[in-house]
Amino acid sequence: YFQPDEIVAILEHLRSEPLQWQAIMHLFIITGCRRSEIAGLKWRKVNLDTGELIIDEGLHFTKEDGLHQAETKTGDIRYLHLPKETVQLLRQHRAAQIELRLRKGSQWQDTGYVFTRDNGLPIRPDVFTQWMDNFSKRYYLPHINPHAFRHSLASILLVNGTDVVTVSKQLGHASV
(Lines give C-alpha, C1' and ligand atoms only; values in the text may rest on other atoms or scores of the structure.)
Protein backbone atom coordinates (compact mmCIF):
# COMPACT_ATOMS: atom_id res chain seq x y z
CA TYR A 1 0.00 0.00 0.00
CA PHE A 2 1.50 3.35 0.98
CA GLN A 3 5.24 3.74 0.80
CA PRO A 4 6.96 5.77 3.53
CA ASP A 5 7.38 8.78 1.22
CA GLU A 6 3.63 8.73 0.47
CA ILE A 7 2.84 8.70 4.19
CA VAL A 8 5.20 11.66 4.65
CA ALA A 9 3.32 13.52 1.88
CA ILE A 10 -0.02 12.70 3.50
CA LEU A 11 1.24 14.00 6.86
CA GLU A 12 2.60 17.18 5.26
CA HIS A 13 -0.74 17.96 3.60
CA LEU A 14 -2.63 17.18 6.79
CA ARG A 15 -1.06 20.24 8.43
CA SER A 16 -3.43 22.37 6.31
CA GLU A 17 -6.52 20.48 7.46
CA PRO A 18 -8.77 20.95 10.51
CA LEU A 19 -7.34 19.67 13.77
CA GLN A 20 -9.95 16.95 14.19
CA TRP A 21 -9.03 15.45 10.79
CA GLN A 22 -5.32 15.64 11.59
CA ALA A 23 -5.97 13.59 14.73
CA ILE A 24 -8.22 11.11 12.91
CA MET A 25 -5.67 10.54 10.17
CA HIS A 26 -2.80 10.16 12.64
CA LEU A 27 -4.74 7.46 14.44
CA PHE A 28 -5.41 5.60 11.20
CA ILE A 29 -1.76 5.83 10.17
CA ILE A 30 -0.17 4.74 13.46
CA THR A 31 -2.74 2.28 14.82
CA GLY A 32 -4.09 0.48 11.77
CA CYS A 33 -7.51 0.56 13.42
CA ARG A 34 -10.69 -0.12 11.49
CA ARG A 35 -12.85 2.90 10.70
CA SER A 36 -15.58 1.64 13.07
CA GLU A 37 -13.00 1.50 15.88
CA ILE A 38 -11.85 5.10 15.31
CA ALA A 39 -15.46 6.31 14.98
CA GLY A 40 -16.41 4.49 18.18
CA LEU A 41 -13.50 5.72 20.26
CA LYS A 42 -14.59 7.46 23.46
CA TRP A 43 -12.51 9.78 25.62
CA ARG A 44 -12.77 7.39 28.59
CA LYS A 45 -10.75 4.88 26.51
CA VAL A 46 -7.95 7.38 25.81
CA ASN A 47 -5.26 8.04 28.42
CA LEU A 48 -3.40 11.14 27.30
CA ASP A 49 -0.99 10.89 30.24
CA THR A 50 0.30 7.43 29.28
CA GLY A 51 -0.47 7.69 25.55
CA GLU A 52 -2.57 4.54 25.58
CA LEU A 53 -5.83 3.67 23.86
CA ILE A 54 -8.20 0.85 24.59
CA ILE A 55 -9.86 -0.53 21.49
CA ASP A 56 -12.78 -2.72 22.49
CA GLU A 57 -15.76 -1.31 20.59
CA GLY A 58 -16.69 0.10 17.25
CA LEU A 59 -19.39 2.40 15.94
CA HIS A 60 -21.37 0.81 13.14
CA PHE A 61 -24.14 1.96 10.83
CA THR A 62 -26.74 -0.29 9.27
CA LYS A 63 -30.09 0.56 7.72
CA GLU A 64 -31.79 -1.76 10.19
CA ASP A 65 -30.15 -0.52 13.40
CA GLY A 66 -28.92 2.93 12.43
CA LEU A 67 -25.80 4.11 14.25
CA HIS A 68 -24.92 1.74 17.09
CA GLN A 69 -21.99 0.78 19.28
CA ALA A 70 -20.88 -2.87 19.25
CA GLU A 71 -17.80 -4.91 20.15
CA THR A 72 -14.90 -5.01 17.72
CA LYS A 73 -15.01 -7.35 14.75
CA THR A 74 -13.13 -10.07 16.66
CA GLY A 75 -14.46 -9.21 20.11
CA ASP A 76 -10.91 -8.70 21.38
CA ILE A 77 -9.64 -5.85 23.53
CA ARG A 78 -6.48 -4.11 22.30
CA TYR A 79 -4.22 -1.75 24.22
CA LEU A 80 -2.31 0.51 21.85
CA HIS A 81 0.48 2.96 22.61
CA LEU A 82 0.50 6.30 20.78
CA PRO A 83 3.54 8.37 19.78
CA LYS A 84 3.97 11.77 21.44
CA GLU A 85 2.98 13.65 18.27
CA THR A 86 -0.39 11.90 18.12
CA VAL A 87 -0.97 12.43 21.85
CA GLN A 88 -0.27 16.14 21.36
CA LEU A 89 -2.78 16.30 18.48
CA LEU A 90 -5.38 14.56 20.63
CA ARG A 91 -4.72 17.03 23.49
CA GLN A 92 -5.23 19.95 21.11
CA HIS A 93 -8.32 18.31 19.65
CA ARG A 94 -9.75 17.72 23.15
CA ALA A 95 -9.23 21.40 24.04
CA ALA A 96 -10.89 22.51 20.79
CA GLN A 97 -13.80 20.13 21.40
CA ILE A 98 -14.32 21.53 24.91
CA GLU A 99 -14.29 25.05 23.48
CA LEU A 100 -16.83 24.03 20.81
CA ARG A 101 -19.03 22.43 23.50
CA LEU A 102 -19.00 25.68 25.48
CA ARG A 103 -19.88 27.74 22.38
CA LYS A 104 -22.74 25.38 21.44
CA GLY A 105 -24.22 25.36 24.93
CA SER A 106 -27.51 23.47 25.03
CA GLN A 107 -27.13 22.46 21.36
CA TRP A 108 -24.19 20.21 22.33
CA GLN A 109 -24.97 16.57 23.04
CA ASP A 110 -22.33 15.10 25.32
CA THR A 111 -21.84 11.61 23.87
CA GLY A 112 -18.25 11.14 25.04
CA TYR A 113 -16.95 10.36 21.55
CA VAL A 114 -13.49 11.56 20.59
CA PHE A 115 -14.57 12.50 17.07
CA THR A 116 -17.87 14.26 16.67
CA ARG A 117 -19.93 16.46 14.48
CA ASP A 118 -20.39 20.10 15.52
CA ASN A 119 -23.22 19.16 17.90
CA GLY A 120 -21.37 16.41 19.80
CA LEU A 121 -22.99 13.50 17.99
CA PRO A 122 -20.58 10.89 16.62
CA ILE A 123 -19.32 10.80 13.06
CA ARG A 124 -20.59 7.90 10.97
CA PRO A 125 -17.73 5.61 9.88
CA ASP A 126 -18.47 6.09 6.17
CA VAL A 127 -17.71 9.82 6.55
CA PHE A 128 -14.05 8.89 7.10
CA THR A 129 -13.95 7.16 3.72
CA GLN A 130 -15.61 10.12 1.97
CA TRP A 131 -13.29 12.64 3.63
CA MET A 132 -10.15 10.66 2.74
CA ASP A 133 -11.27 10.33 -0.87
CA ASN A 134 -11.77 14.10 -1.11
CA PHE A 135 -8.47 14.75 0.71
CA SER A 136 -6.50 12.58 -1.72
CA LYS A 137 -8.09 14.36 -4.70
CA ARG A 138 -7.52 17.80 -3.18
CA TYR A 139 -3.77 17.20 -2.89
CA TYR A 140 -3.28 14.90 -5.92
CA LEU A 141 -2.29 12.01 -3.67
CA PRO A 142 -2.82 8.32 -4.36
CA HIS A 143 -6.32 7.13 -3.47
CA ILE A 144 -6.64 7.05 0.31
CA ASN A 145 -9.09 4.94 2.28
CA PRO A 146 -9.09 3.85 5.92
CA HIS A 147 -8.38 0.20 5.20
CA ALA A 148 -5.24 1.03 3.21
CA PHE A 149 -3.61 2.27 6.41
CA ARG A 150 -4.09 -1.17 8.01
CA HIS A 151 -2.14 -2.79 5.19
CA SER A 152 0.50 -0.05 5.21
CA LEU A 153 1.06 -0.33 8.95
CA ALA A 154 1.36 -4.12 8.73
CA SER A 155 3.94 -3.83 5.95
CA ILE A 156 5.97 -1.18 7.76
CA LEU A 157 5.98 -3.13 11.02
CA LEU A 158 7.03 -6.36 9.27
CA VAL A 159 9.79 -4.65 7.27
CA ASN A 160 11.12 -3.16 10.52
CA GLY A 161 11.38 -6.58 12.13
CA THR A 162 8.18 -6.80 14.15
CA ASP A 163 7.08 -10.42 14.41
CA VAL A 164 3.88 -11.44 12.63
CA VAL A 165 2.08 -12.37 15.88
CA THR A 166 2.61 -8.86 17.29
CA VAL A 167 1.45 -7.29 14.01
CA SER A 168 -1.64 -9.46 14.01
CA LYS A 169 -2.48 -8.43 17.59
CA GLN A 170 -1.87 -4.73 16.82
CA LEU A 171 -4.40 -4.91 13.99
CA GLY A 172 -6.93 -6.95 15.94
CA HIS A 173 -6.95 -9.96 13.64
CA ALA A 174 -8.81 -13.04 14.82
CA SER A 175 -5.83 -15.24 13.88
CA VAL A 176 -2.27 -14.81 12.69
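The figures that follow rest on heavy atoms only: side chains count, while hydrogens, waters and symmetry mates do not. Positions are given from 1, in the same order as the sequence printed here.
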*Decide whether a cation-pi geometry holds between Arg138 and Trp131; the criteria are a distance under 6.0 Å from NZ or CZ to the six-membered ring centre and an angle within 45° of the ring axis.*
yes
Mind listing the side-chain donor-acceptor pairs of residues 6-16 below 3.5 Å, one per line with the distance, residues two or more places apart or on another chain?
residue: Glu6; atom: OE1; partner: Gln3; partner atom: N; Å: 2.8

*Starting at CG of Asp110, measure out to CZ of Arg101 and round the result to the nearest 0.5 Å.*
5.5 Å
*Are Leu41 and Leu82 linked, directly or through other ILVMFWY residues, by side chains that come within less than 4.5 angstrom of each other?*
yes
*asked:* So, taking the atom named CZ in Arg78 and the one named CG in Leu53, what distance separates them when rounded to the nearest 0.5 Å?
replied: 9.5 Å
*Measure the shortest side-chain to side-chain distance between His60 and Gln69 over non-hydrogen atoms and say whether it is less than 4.5 angstrom.*
no
*asked:* If hydrophobic clusters are built by linking Ile, Leu, Val, Met, Phe, Trp and Tyr wherever their side-chain heavy atoms come under 4.5 Å apart, do Ile29 and Tyr139 end up in the same one?
replied: yes
*Under a single-linkage definition using a 4.5 Å side-chain heavy-atom cutoff for Ile, Leu, Val, Met, Phe, Trp and Tyr, are Trp43 and Leu80 assigned to the same hydrophobic cluster?*
yes
*If two hydrophobic side chains count as joined below 4.5 Å and joins carry through other members, does Leu89 share a cluster with Leu100?*
no
_If you apply the rule side-chain contact (heavy atoms from CB on, under 4.5 Å), what do you find for Leu27 with Ile24, and how did you get there?_
CA-CA 5 Å; Leu27 284 177; Ile24 289 168; over 6 Å; no
*Full working for side-chain contact (heavy atoms from CB on, under 4.5 Å) between Gln97 and Trp108*: CA-CA 10 Å; Gln97 190 181 65; Trp108 181 266; 3.8 Å; yes
*Could you give the distance from CG (Asp118) to CD1 (Ile123), rounded to the nearest 0.5 Å?*
9.0 Å
*Which heavy atom of Ser136 sits nearest a heavy atom of Pro142, and at what distance?*
CB-O, 3.3 Å
*Take the angle between the ring planes of Phe28 and Phe128 and call it parallel below 30°, perpendicular above 60°, tilted in between.*
perpendicular
*So do Asp65 and His68 actually touch side chain to side chain, heavy atoms under 4.5 Å?*
yes
*hydrophobic_cluster_shared for Val46 and Tyr79, side chain cutoff 4.5 Å*: no
*Compute the ring centroids of His93 and Phe115, then answer whether they are less than 6.0 Å apart.*
yes
*Starting from the C-alpha separation in whole Å, work towards a yes-or-no answer on side-chain contact (heavy atoms from CB on, under 4.5 Å) for Cys33 and Ile38.*
CA-CA 7 Å; Cys33 284; Ile38 300 288; 3.7 Å; yes
_Spacing of Met25 atom CE and Thr86 atom OG1 [to the nearest 0.5 Å]_ = 12.0 Å
*Calculate, to the nearest 0.5 Å, the distance between atoms CG and OG1 belonging to Leu67 and Thr111 respectively.*
10.0 Å
_Are Asp76 and Glu71 packed together at the side-chain level, in the sense that at least one heavy-atom pair is separated by less than 4.5 angstrom?_
no
*Grab the two heavy atoms, one from Met132 and one from Asn145, that are nearest each other, plus how far apart they are.*
SD-C, 3.7 Å
*Search all heavy atoms of Gln20 against all heavy atoms of Val114 and return the closest pair with its distance.*
OE1-O, 4.2 Å
*asked:* Test side-chain contact (heavy atoms from CB on, under 4.5 Å) on His143 and Asp133; report intermediate values, then the result.
replied: CA-CA 6 Å; His143 177 70; Asp133 185 49; 3.2 Å; yes
_Spacing of CG belonging to Asp49 relative to CZ belonging to Arg91, to within rounding of 0.5 Å_ = 5.5 Å
*Is the side chain of Thr116 donor-acceptor paired with the backbone N or O of Tyr113 at a distance under 3.5 Å, no angle test?*
no
*Return yes if some donor-acceptor pair links the side-chain N/O of Glu37 with the main-chain N/O of Asp56 below 3.5 Å, else return no.*
no
_For the backbone of Glu17 and the side chain of Gln22, can you confirm whether one donor and one acceptor N or O come within less than 3.5 Å of each other?_
yes
_Within-4.5 Å side-chain heavy-atom neighbours: Ser36 and Leu59_ = no
